[in-house]
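Remarks on the structure that follows.
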Amino acid sequence: MINFLNLEYFVVAAEELNFTKAAKRLFISQQSLSNHIAHIEKEFGVALFNRTTPLTLTYAGQRLLVRARTLLTYKDETYHELADIKDFTVGQLSIGLSHTRGRVILPHVLPAYRSRFPNIDLNILEGNTSQLETALLHGDVDLVIGMLPFRVENIETVPICAEEVLLVVSDAVLENVFGGQAAEMHSRLEKDADLTLLQNCPFILLKKGNRVRTIADELFQEAQISPHVLLELENIETVLALSARGMGVTFYPEMFAANRETLSPAANGGSPLHLYSLKNPVTHGTLAIGYHKGHYMSQATKEFIRIVKEMI
């Protein structure tokens, strides 16, 4: 008879398509994993894997993978629901968000949540948008905190707050490019942060595919300018740090800028950073919590959403 453990092991093997890697991930021997897979194949009388290099799923294996994930989801939801009935203060909550956003949000939210639910086991998954949405879709996390819209299906969202992407310009950049007119340029940017005023400045941007970079490219296109991109980086904190050192103009979410030491003159060698609102709909978005609408939502999860909405 097939049990949940057999299915869990099969799913990991199907995801890895390598018995050695799957066994390490499961902390069991490769022989033990092979025995579990052989048991399922014997039970159903079909081969689940093509024993090729690399390993591939048979059609039967592909269909079982879909069913197994569904059954395991139902199992987890049943346990969660019964735990809620017994005592909703006991359980587990997995949250996905970017590491930068986590730095801003979690110190405000988690202490309050922990004091309210001290027996809830918290797991935090940090990653990029694609990784987090995939984890949410597969049930690896209960919630994802990110910007709308979410790009996966069957996701319900709860709006949290508005967020704006700001233009970041250091005094050093203005002085290097505009010389004695730097102060005048700063005044003009305060009145109207027009990107065309900065078209001769170097820019430091995130690599394409990041939401902030997508917004920047839309702004450049709308302003009909081709910026001099000095550097393209993966990490938004590195981008800000280099901008603080006067290497280029950049863009930075308003939420991340709160209480940011890098923005102070003392932290960046005496070259203050100025944050300007572009007053453009493109730069405005909505931070939200996403969850799989087909999955059971525990009381502990509902309370986490409530606390985030209350505190952010």
So does Val308 get a backbone contact from the side chain of Tyr113, meaning a donor-acceptor N/O pair under 3.5 Å? no
Let me check something: any side-chain donor-acceptor pairs from residues 136-165 under 3.5 Å, sequence neighbours excluded? List them with distances.
unit_1 : atom_1 : unit_2 : atom_2 : d
Asp142 : OD2    : Ser94  : N      : 2.7
Glu163 : OE2    : Arg101 : NH1    : 3.0
Glu164 : OE2    : Ser277 : OG     : 2.5

Mind checking what makes side-chain hydrogen bond (donor to acceptor under 3.5 Å, both in side chains) contact with Gln199, not counting sequence neighbours? none
Side chain to side chain, Val212 and Thr250, heavy atoms closer than 4.5 Å: no
If you apply the rule side-chain contact (heavy atoms from CB on, under 4.5 Å), what do you find for Leu198 with Leu174, and how did you get there? CA-CA 9 Å; Leu198 302 172; Leu174 295 179; 4.2 Å; yes
Nearest-0.5 Å distance that lies between atom CG in Leu189 and atom CD in Glu184: 10.5 Å
I'd like to check the side-chain hydrogen bond (donor to acceptor under 3.5 Å, both in side chains) partners of Arg51; sequence neighbours left out, ordered by chain and number. Glu41
Using the rule that two of Ile, Leu, Val, Met, Phe, Trp, Tyr join whenever any of their side-chain heavy atoms come within less than 4.5 Å, decide whether Leu132 and Leu106 are in one cluster. no
Heavy-atom nearest pair, Gly248 first then Ser243, reads O-OG, 2.8 Å
Ser130 versus Asn128, side-chain donor and acceptor atoms under 3.5 Å: no
side-chain contact (heavy atoms from CB on, under 4.5 Å) between Leu197 and Phe178: does it pass, once the steps are laid out? CA-CA 10 Å; Leu197 298 174; Phe178 300 103; 5.7 Å; no
Side-chain touch Ser34/Phe19, heavy atoms, less than 4.5 angstrom: yes
Does any part of the side chain of Leu219, heavy atoms only, come nearer than 4.5 Å to the side chain of Leu278, both counted from C-beta? yes
Give a yes or no on whether the backbone of Ser29 and the side-chain of Ser32 come within a donor-acceptor separation of less than 3.5 Å. no
Passes side-chain hydrogen bond (donor to acceptor under 3.5 Å, both in side chains), Asp217 versus Gln221? Steps please. CA-CA 6 Å; Asp217 288 342; Gln221 184 176 8; over 6 Å; no
When rounded to the nearest 0.5 Å, the distance separating CZ of Arg306 from CD1 of Ile289 is 12.0 Å
Using ring centroids (six-membered ring only for Trp), state whether Phe117 and Phe304 fall under 6.0 Å. no
Keeping Ser187 on the side-chain end and Ala183 on the backbone end, is there a donor-acceptor pair under 3.5 Å? yes
Check this for me: Arg114, atom CZ, are more than 12 non-hydrogen atoms of other residues, nucleotides or ligands nearer than 6.0 Å? yes
Is it the case that one hydrophobic cluster holds both Tyr74 and Leu72, taking links as side-chain heavy atoms less than 4.5 Å apart, direct or via other members? no
Sequence neighbours excluded, which residues qualify as side-chain hydrogen bond (donor to acceptor under 3.5 Å, both in side chains) partners of Glu15? Arg25, Arg69
Between CG of Asn280 and CD of Glu218, what distance do you get to the nearest 0.5 Å? 9.0 Å
Can you check whether Tyr252 reaches Leu166 side chain to side chain, under 4.5 Å on heavy atoms? no
Give the intermediate values and the outcome of side-chain contact (heavy atoms from CB on, under 4.5 Å) for residues Glu237 and Thr100. CA-CA 8 Å; Glu237 297 302 317; Thr100 311; 2.9 Å; yes
Scan for side-chain hydrogen bond (donor to acceptor under 3.5 Å, both in side chains) pairs involving residues 52-62, sequence neighbours excluded, and state none if there are none. Asn50-Thr56
Review item, side-chain donor-acceptor pairs of residues 1-10, under 3.5 Å, at least two apart:
unit_1 : atom_1 : unit_2 : atom_2 : d
Asn3   : OD1    : Leu5   : N      : 3.1
Asn3   : OD1    : Asn6   : N      : 2.7
Asn6   : OD1    : Asn3   : N      : 3.2
Asn6   : ND2    : His36  : ND1    : 2.7
Glu8   : OE2    : Lys75  : NZ     : 2.7

Would you say the side chain of Phe251 lies within less than 4.5 Å of the side chain of Ile215, judging by non-hydrogen atoms? no
Flag the pair Lys208 and Glu232 as a salt bridge only when some basic side-chain nitrogen lies within less than 4.0 angstrom of an acidic carboxylate oxygen. no
Salt bridge present between Glu16 and Lys24 (N-O < 4.0 angstrom): no
Would a single hydrophobic cluster contain both Leu125 and Leu110, if residues Ile, Leu, Val, Met, Phe, Trp and Tyr are joined by side-chain heavy-atom contacts under 4.5 Å? no
Side-chain donor/acceptor of Thr214 to backbone N/O of Asn210, under 3.5 Å: yes
Please step through side-chain contact (heavy atoms from CB on, under 4.5 Å) for the pair Leu64 and Ile40, ending with a clear verdict. CA-CA 10 Å; Leu64 180 59; Ile40 302 175; 3.9 Å; yes
Do you reckon Ile120 sits in the same ILVMFWY cluster as Ile307, going by side-chain contacts under 4.5 Å, direct or chained? yes
